[in-house]
Amino acid sequence: MKKITLLLALVAILVPSLALADEFQVAVASNFQAPAELIAAQFEADTGHKAILSFGATGAFYAQIQNGSPVAVFLAADAKTPKKLEDEGLAKAGSIFTYAQGALVLWSATEGYVDDQGQILKTGDYKHLAVADPARAPYGEAAYELLRAWDLLAGLEKDQRLVTGENISQTVQFVETGNAELGLVALSQVWKDGQFKGGSGWKVSPDLYSPILQDVVILKAAENDTAAQAFADYLKGDKAREIILSFGYTLD
Amino acid sequence: MISVPPGPPTGGAGHFTWMRPLSLSLTPAELSTIKLSLKLATCTMAISLLLGSPIAWWISRRDTLPRRLVAAVATMPLVIPPTVLGFYLLFFMGPFGPIGKIFKALNLQLLPFTFSGLVVASVICSMPFVIQPLSNAFVALGERPLEAASTLGAGTLDAFLSVIAPQAKPAFLTAAIMSFAHAIGEFGVVLMIGGNIPNVTRVLSMQIYVYVENMDYDRAHILAGGLVVFAVLSMLAMQILNPRQTDKTGERAHR
């Protein structure tokens, strides 16, 4: 009797997953969370396929994929990481393309705090500047490039004014809650339809950091997954492009 | 004795290989995280004993609803994820939060991104480990020693220090070791409000997390292994210093 109950329980667990076989996992870099949610909803409405999204730092996802995480599609915050996965034979060959180009922004939750040249970064008496960890978040890397270009990094580190978020979302959270007066974050997180969602900010001049080309890749395990391929293709479509552009990303 | 043999080296970037010799010497940055963790644990232990003892005492004196409520609140951190606490600290104690605004008006330092912030959070998380053993011990002692002391003319504090405290020594030891060891392992709340500032909030557990996330598994192994050894030793110390506790449970098992 017990065995039958167990069997029934197993069937009950397995059957729904069989019925929803066109579900697939998508790993999304934190900066792309808001557009990804909109795109996935639109994609599901149009195709019936369900993309299950998870968000985090690009470097963290890279480590998880290397260790066998069941991700089908990976929307990275850079071009380097998908390339590395391809070189290591973990990605579907030729599946990489750039889905968005990101922009770095100096942002504060306080209105009128950030000037339109970003000079506050040099002259402000702020206590904390929030950045993402440059070792695993491309926007953190870009932030460090700017701080080096302006010769601010050593001073900020010495005065212990630099606070590091685990990923770019936590970095924004530090600034949103006012705990850090300033942050170097992704424009997409604080921007919607042509303006800042709140506070004040300066779009960092693009010549101060390397372009943030965000690439998508299909992983080896999902090589023959048509739903995953459809999602990647969908990113190139007009509906997705419109959403992506509305968050301040640029596209070729 | 079961030992788990190390699996064959899988190779490739990011995979830890047991064949490679590890440098056991610690870098200055790692030493700083260890010092910081010890400092945090010491502060946590001292403050939570100072705060927790009177609370445990008050709880254990009479069995009333308000006291049960306090006991429940003080034990709550056991079942609340530290990230929840970190989240509240970040929002309510930040400059835009209600408590943070009061702090600012009083010209006090805000807690997020500071060492004091970690201590406050860690004390809250350690409270159950102090309150539980102490109030249990106080209940077990009963009213009699205190009545005897007051008959002999001792004030409450005097009676507590010279009669109750020595008798409840095992419980105090348990509370001290548990709060210290727990603070060494504090992580969730550090991740939420620490900001990972070297020499200020980058404690040992945070450094291990950064190593793992950045796939520096060798260094992560050194620090994580050290932490496991520390945890075993401190729990062992508790057992050795507290033989009565094991005797008691043994007795109970026999009854």
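Being a predicted model, the structure only gives us computed values, none of them experimental.
A 6.0 Å sphere centred on CG of Asp159(A) holds more than 12 heavy atoms belonging to other residues, nucleotides or ligands. No more than 12 heavy-atom neighbours from other residues, nucleotides or ligands sit within 6.0 angstrom of OH on Tyr88(B). No more than 12 heavy atoms of other residues, nucleotides or ligands lie within 6.0 Å of NZ in Lys80(A), so this atom counts as exposed by the packing criterion.
How far CG of Asn167(A) is from CD of Glu213(B): 9.0 Å, rounded to the nearest 0.5 Å. To the nearest 0.5 angstrom, Thr164(A) atom OG1 is 6.5 Å from Arg202(B) atom CZ.
Along residues 100-107 of chain A, no residue comes nearer than 4.5 angstrom to chain B, judged on non-hydrogen atoms. Within residues 189-198 of chain B, the residues having any heavy atom closer than 4.5 Å to a heavy atom of chain A are Leu191(B), Met192(B), Gly195(B), Asn196(B), Ile197(B), Pro198(B), listed by residue number. Below 4.5 Å, heavy atoms of chain B meet heavy atoms from His128(A), Asp133(A), Ala135(A), all part of residues 117-135 of chain A. Residues of residues 105-118 of chain B lying under 4.5 angstrom from chain A, judged on non-hydrogen atoms, are Pro112(B), Phe113(B) in numerical order.
Between Phe96(B) and Glu176(A) there is no side-chain heavy-atom pair separated by less than 4.5 Å. Using a 4.5 Å heavy-atom threshold, the side chains of Met215(B) and Arg136(A) count as separate.
In this structure, chain B has a heavy atom under 4.5 Å from the side chain of Gln170(A), while its backbone stays farther away.
Among all heavy-atom pairs drawn from Pro95(B) and Thr177(A), the shortest one is CD-O, 3.7 Å.
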